[in-house]
Amino acid sequence: MTEQPISDQVVDPAVDPVVVGTDGSAGATRAVEWAADDAALRGLPLRVVHAVERLPYDVPRYPIPDSYDRPAPSGRQLLGHAERVALDRRPGLEVTTELVEGRPGRVLRDQAARAAEVVLGSHGAGGFPGMLLGSVGHQVAGHVAVPVVVVRPAPLEAGAEIVVGFDCSKESGPALTYAFEEARLRGHRVRIVCAWEPPVPYGPVISTDLDAMRRAAEDYARGELESLQSGYADVETELDTELDMVRGHPVSALIDASSRAVLLVVGSHGRNAFTAAVLGSVSRAVLAHARCPVAVVRAR
């Protein structure tokens, strides 16, 4: 079924807004608050979207005229609540709401075509406690061209830093750029985590100078960061002195770093030059276990 907007609001197409999905759950409310903050900091409008999915067994044997309009009032109540949350958080923010018929994941993917960023909660009304990413998040994160932020509360001990995973590939560039932009907007420092593993030997064992590999990776990382940093002179940056160039799996390093971060940024579809691991699989694992909001930025 093709998604049909059932809102009478007019959305200004001139500026791509920050889009946030809501289902009325506590996780969705946190996502609305995060999205309102980000939209205000970026000087962008906020669009709050609620999807109404029509399941096959919802169709009665003897349809009643206009019966499909019945879910709209409750959906509009959810949107009205989300709008109040956003405006309480950021008075003066331009907020529009949209009630759309369709599967939530597909609706948000379609909305991403007209968005600067998509934000959603860690799990919705049907999720399970402790589960970071629900089915909707899996259908959106990494599948759209714009950054997707999955929101859950940051730990109380979180520091004022944004952590970004860097795998020494060109595809990591968009994630780094997004991290720098968020740091400048929020007044936070950037911490770059670069994990690597020695190659698995095949055939005869060949002596490998691991220190030389580490130095080469660090030299490359610093060169890339210096190039990017020139455009963000007001952002304090450093390679993580505790976790930088960690010899180990990137997922473990990033999850560890997330416990002290306000935001963790990862790329999607990059490739690690040292582990040959697809970054999409890393971002998927991080989304399942991170301890702070996670932004997934797809390589262009």
| query | In the single-linkage hydrophobic clustering (I, L, V, M, F, W, Y; side-chain heavy atoms under 4.5 Å), do V20 and V15 co-cluster? | reply | yes
| query | Would L93 and V149 show up in the same hydrophobic cluster when neighbours are defined by side-chain heavy atoms closer than 4.5 Å? | reply | yes
| task | Please list, chain by chain and in numerical order, all residues satisfying side chain to side chain donor-acceptor pair (under 3.5 Å) with R42, sequence neighbours excluded. | result | D38, E182
| said: Let me confirm one number: the CG-CD distance from L79 to E98, rounded to the nearest 0.5 Å. | reply: 9.0 Å
| said: Rounded at 0.5 Å granularity, tell me how far CZ in R186 sits from CG in L263. | reply: 7.0 Å
| Check: V100 and Q111 side chains under 4.5 Å, non-hydrogen atoms | yes
| remark: Applying salt bridge (charged side-chain N to carboxylate O under 4.0 Å, His left out) to R109 and not counting sequence neighbours gives none
| Does the S258 side chain pair with the main chain of R291, one donor and one acceptor, at a distance under 3.5 Å? | yes
| field | Between CZ on residue R260 and CZ on residue R191, distance to nearest 0.5 Å | value | 6.5 Å
| field | Qualifying residue for side-chain contact (heavy atoms from CB on, under 4.5 Å) with L264, from L254, V296, I255, L287 | value | L254
| said: Which heavy atom of V163 sits nearest to which heavy atom of A257, and what is that distance? | reply: CG1-CB, 3.8 Å
| task | Output the distance between atom CG (L78) and atom CG (D23), rounded to the nearest 0.5 Å. | result | 7.5 Å
| task | Output the distance between atom CD (Q77) and atom NE2 (H50), rounded to the nearest 0.5 Å. | result | 10.5 Å
| remark: In short, V140 meets G105 closest at the heavy-atom pair CG2-O, 3.8 Å
| task | Grab the two heavy atoms, one from D256 and one from S259, that are nearest each other, plus how far apart they are. | result | O-OG, 2.8 Å
| message | Looking at every non-hydrogen atom in both residues, tell me the closest pair between G102 and A51 and how far apart they are. | response | O-CB, 3.6 Å
| Which atom names give the shortest non-hydrogen contact between P45 and A39, and what distance separates them? | O-CB, 4.1 Å
| Nearest non-hydrogen partners of V193 and A253, listed with the distance | CG1-CB, 3.8 Å
| message | For A183, give me all partners under side-chain contact (heavy atoms from CB on, under 4.5 Å), at least two apart in sequence or on another chain. | response | I162, V190, V235
| request: I would like to know whether R76 and L99 meet side-chain contact (heavy atoms from CB on, under 4.5 Å); could you show each step before the answer? | output: CA-CA 7 Å; R76 291 195 173 97; L99 191 62; 4.0 Å; yes
| said: Go through it in stages, so that I can follow the logic: the residues are R298 and V144, the test is side-chain contact (heavy atoms from CB on, under 4.5 Å), and I'd like the CA-CA distance, side-chain angles, deciding distance and then a yes or no. | reply: CA-CA 7 Å; R298 197 175 79 173; V144 297; 5.8 Å; no
| query | Can you name the residues that form a side-chain contact (heavy atoms from CB on, under 4.5 Å) with A86, not counting sequence neighbours? | reply | V32, A36, L46, V95
| query | When clusters are formed by joining ILVMFWY residues with side-chain heavy atoms under 4.5 Å apart, either directly or through shared neighbours, do V107 and V146 land in the same one? | reply | yes
| message | Let me check something: do L87 and W34 share a hydrophobic cluster, defined by ILVMFWY side-chain heavy atoms less than 4.5 Å apart, either directly or through other members? | response | yes
| request: Assess whether side-chain contact (heavy atoms from CB on, under 4.5 Å) is satisfied between V297 and T177, documenting all intermediate values. | output: CA-CA 10 Å; V297 184; T177 299; over 6 Å; no
| query | Would you say T29 and H81 make side-chain contact, with heavy atoms under 4.5 Å? | reply | yes
| remark: Rounded to the nearest 0.5 angstrom, the CG-CZ distance for D16 and R47 is 8.0 Å
